[in-house]
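Pasting a structure below so you can have a look.
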Amino acid sequence: RDWSSDVCSSDLNDFILELTHGPTQAFKDFGARIMAQVFQYMISKKKQKYKVIVATSGDTGGAVANAFSSTDVPVCIFYPRNKISEYQEKQISGYGKNISCFSVEGNFDDCQNIVKNLLKDNEIHQETHLITANSINISRLIPQIFYYFISYRELKKNMDIQLITIKFYILFLLEILAMQQQHLYQN
């Protein structure tokens, strides 16, 4: 296991769940690693061609590149040119093999628009099925829920847990709201 979630105490009543102990020091390492192994297994059972595409502002790309580098699943990562750190760019572009990286003139939203447009392109889907590894993909979100179970297991029942990131909560709530809104429009 090359990922851990350490619960540290700042005093007797406050605790912090540190999610930066993975191979790329991003909280996304855990979800990306599980997603990569699940995709590798599922894709190996199908005769169709698949490719993972992801837009990143830095840490998602590094976590996805690292996780999928141990698989045969092809990955394309789009990141904004000169808008991520040199360290993040090395993480994203240092794997080769099945990991392709594209620096985009613009910002993260421009990268995200490329991914969205590729996902909508029916011509591409006739040849290769595209899957996103961004946070919209529930297969990356579900493993991240385990952070909370892991920390709960490590702590007594009534202690407060402070997290170094609330991004997961926000993304998860937005995903639920989007699903509910989509359901309302369908009915």
| Closest non-hydrogen atom pair between A32 and A67, with its separation |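 Heavy-atom minimum between the residues: O-CB, 3.3 Å.
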| K45 side chain to Q40 backbone, donor-acceptor under 3.5 Å |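 Not confirmed, K45 side chain does not pair with Q40 backbone.
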| message | Strictly distance-based, threshold 3.5 Å: is any side-chain N or O of Q37 a donor or acceptor partner for the main-chain N or O of I34? | response |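 Not confirmed, Q37 side chain does not pair with I34 backbone.
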| Is V54 reachable from Y95 through a run of hydrophobic residues whose side-chain heavy atoms are each under 4.5 Å from the next? |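 Same cluster.
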| query | Which atom names give the shortest non-hydrogen contact between Q88 and S57, and what distance separates them? | reply |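 For Q88 and S57, the tightest heavy-atom pair comes out as OE1-O, 4.0 Å.
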| Stepwise, does the side-chain hydrogen bond (donor to acceptor under 3.5 Å, both in side chains) test hold for Y50 with Q48? | CA-CA 6 Å; Y50 286 86; Q48 301 158 317; 2.9 Å; yes
| message | Looking at R81 and S103, would you say the former's side chain and the latter's main chain have a donor-acceptor pair under 3.5 Å? | response |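 At least one qualifying donor-acceptor pair exists.
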| query | Between P80 and G106, which heavy-atom pair has the shortest distance, and what is it? | reply |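 Closest approach of P80 to G106: CB-O, 3.3 Å.
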| Joint cluster assignment, I53 & V104, ILVMFWY side-chain distance < 4.5 Å |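 Linked, I53 and V104 end up in one cluster.
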| task | Enter the distance from K83:NZ to T56:OG1 here, rounded to the nearest 0.5 Å. | result |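 With rounding to 0.5 Å, NZ (K83) is 14.0 Å from OG1 (T56).
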| query | With a cut-off of 6.0 Å (strictly less than), are more than 12 heavy atoms of other residues, nucleotides or ligands near NZ of K49? | reply |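 12 or below, so no.
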| Out of curiosity, I92 CD1 to C101 SG, how far, rounded to the nearest 0.5 Å? |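 The distance works out to 6.5 Å.
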| Atom pair CG (N82) and CD (E105), whose distance is rounded to the nearest 0.5 Å |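 Between N82 CG and E105 CD, I get 7.0 Å after rounding to 0.5 Å.
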| In terms of hydrophobic clusters joined by side-chain contacts under 4.5 Å, are I131 and V73 together? |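 Linked, I131 and V73 end up in one cluster.
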| field | For F39, the option from T71, V75, V52 that meets side chain to side chain contact (heavy atoms under 4.5 Å, CB included) | value |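 Only match with F39 under side chain to side chain contact (heavy atoms under 4.5 Å, CB included): V52.
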| task | Check the side chains of T60 and K28 for a donor-acceptor pair under 3.5 angstrom, ignoring hydrogens and angles. | result |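 Distance-only check passes for K28 and T60.
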| query | Counting only N and O atoms by type, is there a donor-acceptor contact under 3.5 Å from the side chain of N98 to the main-chain atoms of D72? | reply |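 Here the side-chain-to-backbone pair does not exist.
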| message | I'd like to know if the side chain of N117 and the backbone of N113 have a donor-acceptor N/O pair within less than 3.5 Å. | response |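 Looks like yes, one N/O pair under 3.5 Å.
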| Atom pair NZ/OH of K46 and Y41 - distance to nearest 0.5 Å |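 Between atom NZ of K46 and atom OH of Y41 there are 11.0 Å.
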| field | Option passing side chain to side chain contact (heavy atoms under 4.5 Å, CB included) with L118 (candidates T128, T132, I124) | value |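 Answer after filtering T128, T132, I124: I124.
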| request: Look up atom CG in L119 and atom CD1 in I114, then write down how far apart they are to the nearest 0.5 Å. | output: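 The distance works out to 12.0 Å.
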| Looking only at heavy atoms, which two atoms of A133 and V64 are closest? And how far apart? |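 Distance-wise, the nearest heavy atoms are CB-CG2, 3.9 Å.
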| request: Please confirm whether the backbone N or O of Q91 pairs with a side-chain atom of N66, one donor and one acceptor, at under 3.5 Å? | output: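 Between the backbone of Q91 and the side chain of N66 there is no qualifying donor-acceptor contact (under 3.5 Å).
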| request: Tell me whether F102 is reachable from V115 by hopping between hydrophobic residues (I, L, V, M, F, W, Y) whose side-chain heavy atoms are closer than 4.5 Å. | output: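 Yes, because V115 and F102 connect within a single hydrophobic cluster, where side-chain heavy atoms sit under 4.5 Å apart.
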| task | Report yes or no: do D29 and T24 form a side-chain donor-acceptor pair below 3.5 Å? | result |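 A donor-acceptor contact under 3.5 Å links the two side chains.
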| query | Linking I/L/V/M/F/W/Y whenever their side-chain heavy atoms sit closer than 4.5 Å, directly or via other members, would Y79 and L130 fall into one cluster? | reply |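 Y79 does not cluster with L130.
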| Quick one: CD on E127 to CG on D121, what's the gap to the nearest 0.5 Å? |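 Result: 11.0 Å between the selected atoms.
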| K51 versus C76: any side-chain heavy-atom pair under 4.5 Å? |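 With C-beta onward as the side chain, the pair touches.
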